[in-house]
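Right, one structure below, let's go through it.
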Amino acid sequence: MGRSYKTDAVVLRSIRFSEADRVLHLYTLERGRVNAIAKGVRKTGSRFGARLEPLTRSALILHEGRGELHTVSGADIISSQEQVRADGYALAVGQIGAEAVLKLFAEPEPNPRAYEGLCRFLELLAGPLERAPDPQHDGLGLAFQLKLLALSGYLPHLDSCASCGTAGPLAGFSPSAGGAACAGCMVASGGFRMADGAIAAIEGLLERPLAPVALAPDAAAGALRVVEETYAHHGGFRLRTLQPS
Amino acid sequence: MYSPAVENLITQLARLPGIGRRTAQRLAFYILRSPPDQALALADAIREVKEKIGVCEECFNLAEGPLCSICADARRDRTVICVVEDPSDVVAVERTHEYHGVYHVLGGALSPIDGVDPEHLRIAELLRRVEANAAVEVVLATNPTMTGEATAVYIADRLRGRCRVTRLASGLPVGGDLEYADEVTLGRAFSGRREM
């Protein structure tokens, strides 16, 4: 016998399934990552309507059966993110954030701070943004990804060389050492050079509350590389949404 | 348990969408019981459709020959192009009898998270058709989903200044009750309300 439960959830991804169903990848407040099936949701007469669109935050009733997929039996919108979906740039930044959560928090383990961060990120996306030349270099998106890295245990060490401990000068970043590196350690550990001020910019993004922020091009490029290389080195993945189209 | 021929039939039927092994077994036994001409007609229909049906050179709809029946119809207005995600959407729009232009089938919708980028869709072909047909209007009829909306926004940006770009209206389904509508659908119905 299965049982039903209520949870606050954000739809991270939605995949067409069978005739008229969708499989949803959800991030929930109470259980972390959950996969669920929404039956008949693709029919125009579905009672779910727009309540299960990606990036929507909803109060869900899920039925947990014997299988791995839970079944959505009720949904009420908390925040629709309609403005985000109507803006190509904001939507692209939102999808980067959603994919980062998908990859970094893949287990059904609750993490209320990650959930609150995701909700705050989506809330900010619906407001005025500091637009970068492309969504991959957006300051809010990069700040959110850095905070997710910190919450998942990959907080980059930025105060001193992560390899030898020297206070500076810091020349670049070493994914294998897990943080900033001096010139010698950067080369020895296969790291990469970063522009002046890029490490300080990343520190700022990690320390300040999540907010739309305009980054200098060098700082944005550095933060993006740090995020991508940390994903690849520690997580063994790259985000599809970060690949330039 | 079954002879190899029956087992093969069940396996092939079970590969169809929405058909599990149990349903495949039922269908296989139905085919075994049916008269030979009926079963062979089904086999011939499958063979014929795979041999004869391709995609239309103009709009990428399903076609028996180089052009689909819509593109081959001289009465259709070639200056109005309706953009849809899949060939099944063409059938849905045609059922309305409200549209007399031509179509353009994209072959999906933009979804970076699934690795579907603009170059994976027939967007470049659409832009070329708009120029070649001297199109006056492009109707964006992608699905009202996140990926469909993202595709519509992307195409509208690319077509800005070239021709009129319109999007299908969204709102309440006919025959439904207002109280069951979700906020987004009802909100769009309100913002798109019309004078009476």
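These values consider heavy atoms only, across backbone and side chains, with no hydrogens, waters or symmetry-generated copies.
- Within 6.0 Å of NZ in A/K103 there are more than 12 heavy atoms belonging to other residues, nucleotides or ligands.
- Between A/R47 and B/E179, no side-chain nitrogen of the basic residue sits less than 4.0 Å from a carboxylate oxygen of the acidic one, so the salt-bridge criterion is not met.
- Interface remark: of the candidates B/R188, B/E149, B/H120, B/R188 forms the most heavy-atom pairs closer than 4.5 Å to chain A.
- Scanning both residues, A/L102 and B/I113, for their nearest heavy atoms gives CD1-CD1, 3.8 Å.
- Contact annotation for A/L91: only side-chain heavy atoms (C-beta onward) come within less than 4.5 Å of a heavy atom of chain B.
- With a 4.5 Å cut-off on non-hydrogen atoms, B/A181 touches chain A through its backbone but not through its side chain.
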*Any chance you could lay out the side chain to side chain contact (heavy atoms under 4.5 Å, CB included) test for A/R22 and B/T145, step after step, and finish with the verdict?*
CA-CA 12 Å; A/R22 281 186 178 276; B/T145 56; 3.7 Å; yes

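- Within a 6.0 Å radius of CZ in B/R21, more than 12 heavy atoms belonging to other residues, nucleotides or ligands are found.
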*Run the side chain to side chain contact (heavy atoms under 4.5 Å, CB included) check on B/V116 and A/R240 step by step: do they pass?*
CA-CA 9 Å; B/V116 183; A/R240 277 176 169 171; over 6 Å; no

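- Side-chain contact between A/R42 and B/N143 is absent, with no heavy atoms from C-beta onward closer than 4.5 Å.
- The minimum heavy-atom distance linking A/Q95 with B/P112 is given by the pair OE1-CD, 3.2 Å.
- Atom OG1 of A/T56 and atom CD of B/E183 lie 10.0 Å apart (nearest 0.5 Å).
- Heavy atoms closer than 4.5 Å to chain B are found in the backbone of A/T44, but not in its side chain.
- Heavy-atom minimum distance, A/S18 versus B/G18: OG-CA, 4.4 Å.
- Remark: B/E94 CD is packed, more than 12 non-hydrogen atoms of other residues, nucleotides or ligands lying under 6.0 Å away.
- Proximity to chain B (any heavy atom under 4.5 Å) is restricted, for A/E53, to the side chain, taken from C-beta onward.
- Within a 6.0 Å radius of CD in B/E131, other residues, nucleotides and ligands contribute more than 12 heavy atoms.
- B/V184 approaches A/S80 most closely through the heavy-atom pair CG2-CB, 3.4 Å.
- Only the backbone of B/Y180 comes within less than 4.5 Å of a heavy atom of chain A; no side-chain atom from C-beta onward does.
- Salt-bridge formation is not detected for the pair B/D114/A/R16: no Lys NZ or Arg NE/NH1/NH2 atom is positioned less than 4.0 Å from an Asp or Glu carboxylate oxygen.
- Contacts between A/E82 and chain B at a heavy-atom distance below 4.5 Å involve the side chain alone, from C-beta outward.
- Among residues two or more places apart in sequence or in another chain, the salt bridge (charged side-chain N to carboxylate O under 4.0 Å, His left out) test is passed with B/R128 by none.
- Heavy atoms of A/A92 lying under 4.5 Å from chain B are absent altogether.
- Counting non-hydrogen atoms of other residues, nucleotides and ligands closer than 6.0 Å to OH of B/Y99 gives a total above 12.
- Ranked by heavy-atom pairs shorter than 4.5 Å toward chain A, the options B/G176, B/P17, B/A150, B/G115 are led by B/G115.
- With a 6.0 Å radius and a threshold of 12 heavy atoms from other residues, nucleotides or ligands, B/Y30 has its OH atom at or below the threshold.
- A donor-acceptor pair under 3.5 Å is formed between the side chain of B/D182 and the backbone N or O of A/A50.
- When the candidates A/Q81, A/E99, A/R13 are compared by the number of heavy-atom contacts under 4.5 Å with chain B, A/R13 comes out ahead.
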